[in-house]
Amino acid sequence: MKIISGGVTAAKGFYSNGIYCGIRKNINKKDLALIYSPTLCNAAAVYTTNQVKGEPLYVTMKHIKDGKAQAVIINSGNANTCTGEDGKKKAYKMTELTAKKLKIKKEDVLVASTGIIGLPLDINCIENGMDNLVQGLSKDGYDDASQAILTTDTEPKSIAVTVEIGGKSVSIGAMAKGSGMIHPNMATMLSFITTDLNIKQQLLQEALRESVNKTYNRISVDGDTSTNDMVVILANGEADNSLIDEKNADYDIFFEALNYVNTYLAKLIAKDGEGATKLIECEVNGANSEAKAETLAKSVIKSNLVKTACFGADANWGRILCALGYSNIPLDAKKIDVAFESSKGYIEVYQKGIPIIFDEKKAKLILEDCEIKIIVNLNEGKESATAWGCDLTYDYVRINGDYRS
């Protein structure tokens with residue numbers, strides 16, 4: 001596998017663009033993006049578990065029922081959520097406007113929105129921007145597209161890789177957004193993935209769901225699960241590899257690359273949490289099942305006390321034990337080891353139920369780094385899992401105290 005440039009348009013036959021159309025007040029921030037493949041794609045998606053969903057999700061769910069799509073239109077600055085029938089009509093209108101300009105079926109257009117909940121979406125801005133959006137579609141449009149989907153993110157999130165499958169070069173590209181309202185089981189995040197792989201739709205859906213569970217569903221910033229979260233993948237088959245219609249070696253290569261892409265983006269989302277200064281990774285080893293390790297890693301990552309301790313570079317390992325303990329997962333504290341690691345070093349702080357006398361200055365130095373790893377060993381099995389989060393800072397409150405205004 002090799003990392004390449006091109007983001008969401010790295011794969012053969014994909015084009016994108018991002019523009020400012022007037023949804024956002026800030027004219028320096030793009031707010032409308034489009035991804036397009038002239039070739040009809042196999043499509044798959046995973047959505048938020050929140051019972052309150054944005055109107056665009058219902059439209060996308062309906063349009064993707066046949067497992068096909070050709071385009072995705074995305075706006076930022078307005079979530080088009082809790083806006084009733086009028087909001088749903090506008091979501092449908094976005095697909096109709098896109099289909100008309102691209103000369104494709106409206107049912108083959110997916111739609112996503114992100115931003116403030118409960119405000120009417122100005123569909124006129126989108127309609128007036130369609131000519132500019134479509135005319136600007138290009139292989140180089142991935143950066144503008146990744147900029148146009150951001151809300152409180154401090155930077156765009158994009159990646160592309162290439163692998164060899166069946167003697168053919170296959171590319172996977174993606175862009176994502178996410179910074180606040182981030183919690184396991186999807187978050188305030190959108191991710192759009194494209195590939196030129198030739199793969200059966202059912203397997204594409206299975207691969208996406210499994211990868212989402214191992215990546216985006218293992219990040220947490222603040223414990224809030226949003227209303228508009230969506231991960232979409234389009235596969236147009238232009239790599240011309242032999243159709244993957246079973247879980248064989250070719251499928252495994254694809255899944256590994258897909259999971260790499262999603263892990264990379266998930267970590268960027270966690271690191272870019274609102275007000276965050278540090279990426280926190282919790283690795284739970286020595287479990288008797290991956291599911292147990294995953295639940296425990298998530299419990300540590302979502303703990304506000306662990307997050308604030310990391311912000312203050314305080315090696316308060318008691319908060320980690322506490323988070324493990326309230327996870328409702330059976331465990332034996334007398335078997336557990338805890339350590340901290342970063343580029344500044346490694347230090348053990350708790351071993352098999354007994355506190356270790358450690359160098360507080362060294363521990364603080366390790367925890368002052370911008371990327372911190374919390375390592376927990378249950379010493380009961382061979383399974384492991386990792387989850388990602390960020391520290392909780394004063395700026396998180398400042399950002400969310402006036403998000404709407």
Side-chain angles (χ1 to χ4, degrees), residues 48 114 146 149-159 175-191 212 214-226 229 231 262-284 294-317 319-320 322-324 327 338-344 363-376 385-403:
T48 181
T114 183
S146 64
I149 66 174
L150 306 182
T151 50
T152 56
D153 306 63
T154 64
E155 60 183 10
K157 301 164 179 68
S158 180
I159 186 177
M175 65 181 188
K177 63 82 52 180
S179 188
M181 289 181 78
I182 302 292
H183 191 54
N185 298 323
M186 302 292 287
T188 298
M189 55 149 291
L190 297 172
S191 179
V212 166
K214 292 178 179 290
T215 57
Y216 301 117
N217 280 354
R218 292 185 180 181
I219 58 177
S220 182
V221 168
D222 50 22
D224 279 323
T225 299
S226 181
D229 312 320
V231 181
N262 288 336
T263 300
Y264 179 89
L265 292 175
K267 290 172 71 173
L268 284 184
I269 290 170
K271 188 174 184 178
D272 196 28
E274 289 173 340
T277 64
K278 301 171 184 177
L279 172 69
I280 306 170
E281 178 174 300
C282 181
E283 178 184 287
V284 175
E294 178 183 349
T295 300
L296 291 171
K298 286 181 179 181
S299 189
V300 172
I301 283 299
K302 70 182 182 183
S303 165
N304 285 338
L305 290 179
V306 172
K307 291 173 180 292
T308 52
C310 289
F311 172 60
D314 178 9
N316 192 338
W317 55 263
R319 294 181 176 180
I320 296 169
C322 180
L324 294 170
S327 65
V338 178
F340 296 110
E341 185 177 27
S342 75
S343 65
K344 303 293 180 64
K364 189 173 184 64
L365 180 67
I366 290 170
L367 292 175
E368 284 175 342
D369 204 2
C370 62
E371 295 191 10
I372 302 164
K373 181 182 283 190
I374 299 168
I375 304 169
V376 176
T386 303
W388 301 272
C390 63
D391 55 345
L392 190 59
T393 72
Y394 308 119
D395 275 347
Y396 177 84
V397 178
R398 179 186 59 78
I399 291 167
N400 283 282
D402 64 358
Y403 182 83

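The first residue of the sequence shown is numbered 1, and numbering continues consecutively from there. FYI, side chains are in, hydrogens and waters are out, and symmetry mates aren't considered; it's all heavy atoms of this structure.
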What's the separation between atom [atom1] in [X] and atom [atom2] in [Y], rounded to the nearest 0.5 Å?
| X | Y | atom1 | atom2 | answer |
| --- | --- | --- | --- | --- |
| Ile374 | Ile301 | CD1 | CD1 | 5.5 Å |
| Asp391 | Asn304 | CG | CG | 11.5 Å |
| Lys271 | Glu155 | NZ | CD | 7.5 Å |
| Cys370 | Lys344 | SG | NZ | 8.0 Å |
| Cys310 | Asp369 | SG | CG | 11.5 Å |
| Glu281 | Glu341 | CD | CD | 9.0 Å |

Of all heavy-atom pairs between [X] and [Y], which one has the smallest distance, and what is that distance?
| X | Y | result |
| --- | --- | --- |
| Thr114 | Ile149 | CG2-O, 3.6 Å |
| Thr308 | Arg319 | OG1-NH1, 3.3 Å |
| Asn262 | Ser191 | OD1-OG, 4.5 Å |
| Leu324 | Ser299 | N-OG, 4.5 Å |
| Tyr264 | Ser158 | CE2-O, 3.7 Å |
| Lys177 | Ile269 | O-CD1, 4.0 Å |

Option from Val306, Leu305, Leu296 for which side-chain contact (heavy atoms from CB on, under 4.5 Å) with Ile320 holds: Val306

Intermediate values then yes/no, side-chain contact (heavy atoms from CB on, under 4.5 Å), Val231 and Met189: CA-CA 8 Å; Val231 181; Met189 55 149 291; 3.7 Å; yes

Minimum side-chain heavy-atom gap [X]-[Y] below 4.5 Å:
| X | Y | result |
| --- | --- | --- |
| Phe311 | Thr277 | yes |
| Lys214 | Thr263 | no |
| Tyr216 | Leu265 | yes |
| Pro156 | Leu150 | yes |

Flag, side chain of Asp153 to backbone of Thr151, donor-acceptor distance under 3.5 Å: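 Pair found, side chain donor or acceptor close to backbone of Thr151.
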
Lys307 side-chain N/O to Ile280 backbone N/O, donor-acceptor pair under 3.5 Å: no

Electrostatic pair Glu283:Lys373 at N-O distance under 4.0 angstrom: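 A salt bridge links Glu283 with Lys373.
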
